[in-house]
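Report on one structure; see the data block that follows.
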Amino acid sequence: MVDLKGQYEQIKDQVDRSVLDVIESTAFINGPEVHSFQKELEDYLGVKHVIPCANGTDALQIAMMGLGLQPGDEVITADFTFAATVEVIALLGLTPVLVDVDPINFNIDISAIKSAITSKTKAIVPVHLFGLAANMDEIMEIADEHNLFVIEDNAQGIGANYTSKSGFKKKTGTIGHVASTSFFPSKNLGCYGDGGAIFTNDDALAHQIRGIVNHGMYIRYHHDVVGVNSRLDSIQATILRAKLPHLDRYNKARQNAARKYSAAFQSVPNIVTPSGNCSGNSSICETCDCHVFHQYTLRILNADRDALVDHLNQQGIPCGVYYPIPLHAQKAYADERYNEADFTVTNQLVKEVISLPMHTELDDEQIQFITKTVIEFVTR
Ligand SMILES: *Cc1c(COP(=O)(O)O)cnc(C)c1O
């Protein structure tokens, strides 16, 4: 699905040198590399505060702790996403409220958010799924109206831009009250182990979170709040510093591969190509870079998706099904409050979606082989 080796080869000299420098320095934890990476990511994103942490799941949990959410508070998020989002809500004793997604862009459905709001609702967690910016204008409007926090799960969307109706253009992860991201190796900005970060423009929240990631300490050995231990290490930070200057180029390479895939599938009636566009139509956005294609995900209509997965695997083509089971149907998160009629889109998508290889090193020959194999199978 991803060619991490090919990408490494291109930056090998710098990465190897930087990693050796960290080892020589022995500043493995909270060293200068972590601080420099934090500053460089703040500049890149245009956000006041980046707080590095151990992984993207911790980042979500710490963001919710920082906001002071309390057991019983309801948090609305998408039914069609990776389980980390709902997992941390449940772990903190908050009440997850899963809602359906939009069939065009796969992101959280705005009208479903509106109908899920109760007097206990405290936060909304939009996920910029597969790298496409969620509809932040409408989400922030709902949040303002009901006095809710917005926590952007930007694990799949780093580097994407969102252009608002009022004309501002901002990076995803800098629009809500706080955001989380992951540097898992296969993410658009991946390290060579685990890593994550929290972003916010709110000075007081940033201060709160800096203590939480460090055992609740604001002054050494004074534990003012219950915290966690969640750190990005210096080796991962130095690798991320080597990769950050290439992030825009990496995302462009993904967009180019996506365009080629979509052009090949354009006239195949039972394939729906991903919406590349924050305004909801299917062409890939040329102007605002709102989709960074963490995944390139097709909907396969009237054909056996699972048989296609097997066929591609037999042909040596990796592929993935993100995600095969709606979160509301997972044993850990099932709840009698949920009504199947409220999840028609997710229930359909889990049967239809397939994600094709997507990374920075895809070449034309690979794309041609993949698209030809898919098309032959679905039209036979
Ligand atoms: C990867 C991912 C996470 C979790 O990140 P980790 O670093 O693996 O903990 C959370 N949310 C989404 C949407 C993700 O894709």
Side-chain angles (χ1 to χ4, degrees), residues 1-2 4 37 41 50-65 75-92 94 96 98-99 101-102 105-108 123-134 136 139 150-160 172-173 176 178-199 213 228-233 235-237 239-240 243 251 254 274 291-297 320-327 330 332-333 346 349-350 353 355 358-359:
M1 286 296 277
V2 295
L4 297 177
F37 171 64
L41 189 58
V50 165
I51 301 116
C53 67
N55 58 67
T57 308
D58 275 8
L60 275 166
Q61 176 179 332
I62 293 158
M64 289 179 203
M65 291 168 76
V75 180
I76 297 174
T77 193
D79 192 35
F80 187 63
T81 179
F82 184 55
T85 327
V86 67
E87 177 178 61
V88 302
I89 298 171
L91 269 176
L92 292 174
L94 314 173
L98 295 165
V99 301
V101 296
D102 180 283
N105 63 22
F106 305 149
N107 277 325
I108 195 163
I124 307 170
V125 186
V127 182
H128 303 297
L129 198 73
F130 302 148
L132 176 62
M136 292 306 293
I139 292 167
V150 174
I151 304 156
E152 294 174 73
D153 183 344
N154 200 32
Q156 302 187 3
I158 197 153
T172 55
V178 59
S180 61
T181 201
S182 164
F183 305 122
F184 185 78
S186 64
K187 299 285 155 92
N188 290 35
L189 179 62
C191 58
Y192 294 171
D194 272 311
I198 303 135
F199 321 147
V213 298
V228 295
N229 172 26
S230 189
R231 301 184 280 237
L232 182 73
D233 69 71
I235 290 183
Q236 301 311 330
I239 292 164
L240 289 164
K243 290 182 76 173
N251 284 339
R254 289 172 177 272
H291 202 327
V292 293
F293 287 95
H294 174 62
Q295 297 293 348
Y296 181 87
T297 303
V321 173
Y322 310 116
Y323 296 90
I325 304 171
L327 290 177
Q330 297 283 1
Y333 306 111
T346 302
L349 290 179
V350 294
V353 289
S355 300
M358 176 48 81
H359 53 82

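None of the values given here were measured: they were computed from a predicted structure. Whatever order the structure lists ligands and atoms in, that order sets their numbers, starting from 1. Residues: numbered from 1 along the sequence shown.
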Task: P126 and I124, any side-chain heavy atoms less than 4.5 Å apart - done: yes
Open item on the list: Taking 4.0 angstrom as the limit and counting only heavy atoms of V127, give me the atoms of ligand 1 inside it, by number and element.
Closed with: 13 (C)
Task: Check: N188 side chain, I158 main-chain N or O, donor-acceptor pair, under 3.5 Å - done: no
- [ ] Using distance alone, decide if ligand 1 has a nitrogen or oxygen within less than 3.5 Å of any nitrogen or oxygen in F184.
- [x] no
TODO: Do me a favour and list the nearest non-hydrogen protein atom to atom 2 (C) of ligand 1 with residue, atom name and distance?
DONE: K187 NZ, 2.7 Å
Open item on the list: Any atom of ligand 1 sitting under 4.0 Å from a heavy atom of D194?
Closed with: no
TODO: Look only at interatomic distance and state if T85 has a nitrogen or oxygen under 3.5 Å from any nitrogen or oxygen of ligand 1.
DONE: no
Open item on the list: Side chains of T181 and N154: any donor to acceptor distance under 3.5 Å?
Closed with: no
Task: Interfacing atoms of ligand 1 (cut-off 4.0 Å, heavy-atom, A84) - done: 10 (C)
TODO: Considering heavy atoms of the protein only, find what lies nearest to atom 11 (N) of ligand 1 and give residue, atom and distance to 0.1 Å.
DONE: D153 OD2, 2.8 Å
- [ ] Say whether, by atom type as modelled, one donor and one acceptor occur between the side chain of D153 and the main chain of A155 under 3.5 angstrom.
- [x] yes
TODO: Give a yes or no on whether the ring-centroid distance for F130 and F106 is below 6.0 angstrom.
DONE: yes
TODO: Considering only non-hydrogen protein atoms, determine which one is nearest to atom 4 (C) of ligand 1 and report residue, atom name and distance to 0.1 Å.
DONE: T57 OG1, 3.5 Å
- [ ] Give a yes or no answer on whether the side chain of K243 reaches the backbone of G190 with a donor-acceptor pair at less than 3.5 Å.
- [x] yes
- [ ] Could you tell me whether the side chains of T77 and T85 share a donor-acceptor contact shorter than 3.5 Å?
- [x] no
Task: Under 4.0 Å to a heavy atom of N55 - the qualifying atoms of ligand 1, by number - done: 7 (O), 9 (O)
TODO: For atom 15 (O) of ligand 1, find the nearest protein heavy atom and state the residue, atom name and distance (0.1 Å precision).
DONE: Q156 NE2, 2.8 Å
